[in-house]
Amino acid sequence: MRVVLIGPPGSGKGTQGTRLRDRLSLEYIATGNILRDAVARKSAAGLEAKPYLDRGQLVPDELVNRLVAELFSDPTRLTHFVMDGYPRTLAQAQAFDELLESHGLPLTAAIQFAIADEEVVRRLDGRRMCGNAECSAVYHMKNNPPAVPGVCDRCGSPLSQRLDDKENDAIWSRLRSYHQVTEELLDYYQKRGVLHRISAQQDIDLIHQQLVDITQESA
Ligand code: AMP
């Protein structure tokens, strides 16, 4: 089971990706989380990525591809995974395919999360994230609240709002990149025969079940 989730910010990739991880014992990899962690640690990669994250722009392909390739450098670790937020450009998708091929781990499904822009903007406002990088569970204050306000149900860590979810400019910039750049991937994966599409505006449990079915059937 090797799956990539494709959708705009706020379409539920994090919520569903972490649930899929827990249900099917997959590795959950979110390049956004890896980059935010690098920024917080002030590593070389973090310093390079920070201005892009702050503005809601895509980080250069070369940097993201390198970080992802590093994750695969231990071949015993990543064989079954769900990828959230990578690839996001055609160049990343091609590099990722080459990487997976070199490890004999072809992608089994690319799943599109379809959602209207207005719904994205509404959702990002209420989104809260677990600060524990090992957990990364995602909540929404109204649609998917934690049992105790401000605390992660799964691991008990504090929840917070992402900086790029507060800034209107950053939100629209991320949506533009999605439509102008990332949507090209749909055609790419369609031609490779691995694309599936789900509506991200259904009930959370229903989407989860659809994802489980697609992931298992495509493996
Ligand atoms: P996310 O958490 O997926 O919304 O990502 C947050 C931010 O990290 C994005 O707005 C980009 O600045 C950066 N980022 C994450 N993944 C990628 C990627 N695959 N390519 C380029 N930039 C990325």
Side-chain angles (χ1 to χ4, degrees), residues 4-18 21 27-74 77-78 81-96 99 113 115 117 120-141 150 152 155 157-185:
V4 297
L5 306 182
I6 304 171
S11 56
K13 302 187 302 298
T15 306
Q16 296 291 347
T18 50
R21 163 192 66 187
E27 289 284 344
Y28 169 73
I29 305 155
T31 43
N33 292 349
I34 294 170
L35 289 164
R36 273 187 294 279
D37 181 56
V39 169
R41 286 188 290 106
K42 297 195 168 69
S43 67
L47 292 176
E48 186 182 340
K50 186 175 185 322
Y52 297 94
L53 266 83
D54 287 348
R55 291 195 293 262
Q57 293 171 351
L58 293 178
V59 166
D61 291 334
E62 180 275 321
L63 173 60
V64 193
N65 287 340
R66 182 156 43 85
L67 292 173
V68 170
E70 277 168 17
L71 297 174
F72 284 83
S73 56
D74 174 2
R77 198 173 157 255
L78 284 176
F81 59 79
V82 51
M83 205 88 194
D84 164 1
Y86 180 90
R88 257 174 157 105
T89 68
L90 213 45
Q92 290 179 16
Q94 284 158 349
F96 192 43
L99 178 74
F113 281 48
I115 185 169
D117 285 359
V120 162
V121 174
R122 200 180 62 73
R123 282 191 192 179
L124 290 182
D125 191 44
R127 178 157 82 167
R128 297 294 180 272
M129 253 190 77
C130 174
N132 170 7
E134 296 294 312
C135 175
S136 308
V138 187
Y139 299 86
H140 188 277
M141 302 228 290
C152 178
C155 75
S157 299
L159 305 180
S160 60
Q161 186 175 24
R162 282 171 42 173
L163 289 177
D164 59 351
D165 283 352
K166 286 185 195 169
E167 271 287 330
N168 228 13
D169 288 353
I171 290 177
W172 282 103
S173 167
R174 285 152 69 208
L175 262 174
R176 264 197 312 277
S177 314
Y178 179 73
H179 291 306
Q180 287 170 2
V181 183
T182 308
E183 268 180 351
E184 272 188 310
L185 297 184

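Here the structure is a predicted model, which means the values were calculated and not measured.
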>> Under the rule for salt bridge (Lys or Arg N to Asp or Glu O under 4.0 Å), what residues qualify as partners of R123, not counting sequence neighbours?
In response: E119
> Quick one: does Y52's side chain get under 4.5 Å of L35's, heavy atoms only?
Replying inline: no
>> Going by salt bridge (Lys or Arg N to Asp or Glu O under 4.0 Å), name the residues that satisfy it together with D37, two or more places apart in sequence or in a different chain.
In response: R41
>> For a quick test of reading the model, state the closest non-hydrogen atom pair linking L185 to P87 and the distance between them.
In response: CD1-O, 3.2 Å
>> To check you understand the geometry: which heavy-atom pair defines the closest contact between T182 and R88, and what is its length?
In response: OG1-O, 2.8 Å
> Do any N or O atoms from the side chain of K13 and from the backbone of G7 form a donor-acceptor pair under 3.5 angstrom?
Replying inline: yes
> After noting the C-alpha distance and the side-chain angles of V64 and L58, does the key distance pass the side chain to side chain contact (heavy atoms under 4.5 Å, CB included) rule?
Replying inline: CA-CA 9 Å; V64 193; L58 293 178; over 6 Å; no
> Counting distance only, does the side-chain N/O of S73 pair as donor-acceptor with the main-chain N or O of A69 below 3.5 Å?
Replying inline: no
> Would V59 and T31 count as a side chain to side chain contact (heavy atoms under 4.5 Å, CB included) if you check the C-alpha gap in whole Å, the side-chain angles of each, and the deciding distance to 0.1 Å?
Replying inline: CA-CA 10 Å; V59 166; T31 43; over 6 Å; no
> Backbone N or O of G56 within a donor-acceptor pair of the S173 side chain at under 3.5 Å?
Replying inline: yes
> Which is it for L5 and V82 under the side chain to side chain contact (heavy atoms under 4.5 Å, CB included) test, yes or no, and what are the steps along the way?
Replying inline: CA-CA 7 Å; L5 306 182; V82 51; 3.8 Å; yes
>> Which heavy atom of G14 sits nearest to which heavy atom of V138, and what is that distance?
In response: C-CG2, 3.8 Å
>> I need the minimum non-hydrogen distance between A91 and D61, along with the two atoms involved.
In response: CB-OD2, 3.3 Å
>> Could you work out, with salt bridge (Lys or Arg N to Asp or Glu O under 4.0 Å) as the rule, every residue matching R21, not counting sequence neighbours?
In response: none
>> If I compare all heavy atoms of I171 with all of D165, which pair ends up nearest, and what's the gap?
In response: CD1-O, 3.3 Å
> Do you know which two heavy atoms are closest between C135 and T18, and how far apart they sit?
Replying inline: O-CG2, 3.8 Å
